[in-house]
Amino acid sequence: MKTIIANWKMNVGSRESVALARGVLLALKGKKQLPDVVVCPPHVALGEVRKIVARSHAALGAQNVFWEETGAFTGETSTRMLAELGVSHVILGHSERRRLFGETDEAVGKKIVAALSAGLVPIVCVGESSTDNAREFVATQLRGALKGLHLRHKERILVAYEPVWAIGTGVAAQPADAVSMHAFIRSLVADLLPGVKASQVSILYGGSVDGANAYAFLREDEVDGLLVGGASVKLSEFGKILEAAVSVLEARAA
Ligand code: PEP
């Protein structure tokens with residue numbers, strides 16, 4: 001299976017989110033082989049977008065969450081509140097949250113635990129900047145975030161490998177480099193989460209994915225899907241990314 005996640009960031013309000021969600025559903029219409037699609041609007045648009053994606057093939061994701069269940073945490077949102085809104089996935093540890101809001105691996109770890117216990121699928125973002133040793137850096141992030149975690153039978157986790165230098169820059173990683181990093185992440189996660197089944201862990205690539213390069217990533221078995229930022233708010237571009245996923249899935253089914 002391939003999973004395509006649209007991270008609309010703080011780029012659209014409720015009205016535009018609804019229009020985008022409608023466009024995504026339209027782009028999926030009539031396709032026989034569908035990727036899993038998750039749209040992640042800003043929190044304020046979740047309620048409206050839920051009405052559009054309910055009973056459709058697309059799932060609803062949030063861009064962040066806090067780990068406490070309730071209390072005096074002005075401005076924060078709990079996992080239970082998200083679940084109540086029909087949210088099934090949540091992006092955690094995005095590089096923008098780490099850089100701009102000081103989110104640490106430990107905080108990401110607490111959010112993962114909270115998300116799983118509320119029945120949400122965490123999408124854990126990791127990735128190095130251009131000056132880091134990529135494997136060392138990503139390994140440290142994953143060790144910090146997954147420390148002490150035990151995935152129960154039906155729980156799933158998505159890891160999005162998003163090199164920071166590729167996010168929003170127009171310079172994507174080479175698919176071969178992403179493949180090698182995904183294989184590294186997959187074996188590290190298997191070590192960190194003893195007993196975890198392959199079906200419980202998906203590794204996605206993110207960073208300047210667009211309609212022109214999506215297929216080159218998606219055709220790789222190591223790439224379970226894509227996390228898309230900028231191109232996800234341009235319907236024509238996102239439509240091409242969905243098409244790329246559909247062609248890969250159709251070729252496999254043939
Ligand atoms: C992201 O922010 O997660 C991302 C991948 O952004 P972009 O696709 O714009 O590089």
Side-chain angles (χ1 to χ4, degrees), residues 3 5-18 20-21 36-56 58-126 141-160 162 189 192-193 196 200-202 204 206 227 229 232:
T3 302
I5 300 180
N7 175 12
W8 296 340
K9 311 197 187 193
M10 203 179 72
N11 288 320
V12 284
S14 280
R15 219 177 315 158
E16 283 170 286
S17 293
V18 163
L20 275 177
D36 286 340
V37 177
V38 185
V39 295
C40 305
H43 278 19
V44 292
L46 285 168
E48 288 303 309
V49 174
R50 175 194 199 175
K51 295 179 198 161
I52 309 299
V53 300
R55 291 181 298 280
S56 82
L60 187 60
Q63 299 175 18
N64 183 33
V65 76
F66 190 49
W67 58 79
E68 293 289 352
E69 273 191 22
T70 179
F73 303 104
T74 303
E76 293 294 334
T77 309
S78 73
T79 52
R80 206 193 285 169
M81 292 169 188
L82 293 183
E84 206 176 281
L85 270 177
V87 168
S88 56
H89 292 66
V90 60
I91 298 174
L92 300 176
H94 190 280
S95 71
E96 286 149 18
R97 296 218 54 87
R98 293 175 187 263
R99 177 169 51 88
L100 300 168
F101 304 99
E103 207 157 287
T104 61
D105 295 328
E106 190 193 356
V108 175
K110 288 184 187 173
K111 291 180 179 198
I112 294 172
V113 171
L116 289 169
S117 38
L120 304 178
V121 178
I123 303 158
V124 183
C125 301
V126 294
Q141 286 183 316
L142 283 171
R143 283 195 193 103
L146 303 184
K147 197 157 101 190
L149 186 70
H150 292 283
L151 277 196
R152 281 189 298 227
H153 189 50
K154 287 213 167 125
E155 290 177 338
R156 285 180 62 222
I157 187 167
L158 310 187
V159 177
E162 301 208 298
V189 171
L192 292 171
L193 304 178
V196 77
Q200 291 179 280
V201 182
S202 298
L204 317 182
L227 174 48
S232 71

Test item: [X] and [Y] side chains (from C-beta on) under 4.5 Å apart, heavy atoms:
X    : Y    : answer
Q63  : C40  : yes
V196 : I157 : no
L158 : I5   : yes
V39  : L20  : no

Check whether [X] reaches the backbone of [Y] with its side chain - one donor and one acceptor, N or O, closer than 3.5 Å.
X    : Y    : value
R156 : S202 : no
H43  : V65  : no
W8   : S232 : yes
E68  : S78  : no

Legend entry - Test side-chain contact (heavy atoms from CB on, under 4.5 Å) applied to V90 and N64, I123, L120, I112, the passing residue: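 Answer to the side-chain contact (heavy atoms from CB on, under 4.5 Å) test with V90 among N64, I123, L120, I112: L120.
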
Legend entry - With L142, the side-chain contact (heavy atoms from CB on, under 4.5 Å) member among V126, V108, L193: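 That would be V126.
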
Distance check, rounded to the nearest 0.5 Å: [X] atom [atom1] versus [Y] atom [atom2]?
X    : Y    : atom1 : atom2 : value
H150 : E155 : NE2   : CD    : 11.5 Å
T70  : M81  : OG1   : CE    : 6.0 Å
K154 : L116 : NZ    : CG    : 15.0 Å
L204 : E162 : CG    : CD    : 8.5 Å
L192 : L151 : CG    : CG    : 11.0 Å
D36  : S88  : CG    : OG    : 9.5 Å

Legend entry - Cationic N near anionic O, under 4.0 Å, R143 to D105: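 No.
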
For a quick test of reading the model, state the closest non-hydrogen atom pair linking [X] to [Y] and the distance between them.
X    : Y    : answer
V87  : A62  : CG1-N, 3.9 Å
S17  : V49  : CB-CG2, 3.6 Å
E48  : K51  : OE2-NZ, 2.9 Å
Q200 : H153 : NE2-O, 3.1 Å
A118 : A83  : O-CB, 4.1 Å
V38  : L60  : CG1-C, 4.1 Å

Inset, instruction - For E106, look at atom CD and say whether over 12 heavy atoms of other residues, nucleotides or ligands are found less than 6.0 Å away. - result: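 Incorrect, the count does not exceed 12.
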
Inset, instruction - With sequence neighbours excluded, give me every salt bridge (charged side-chain N to carboxylate O under 4.0 Å, His left out) pair touching residues 76-86. - result: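 Matches after skipping sequence neighbours: E69-R80.
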
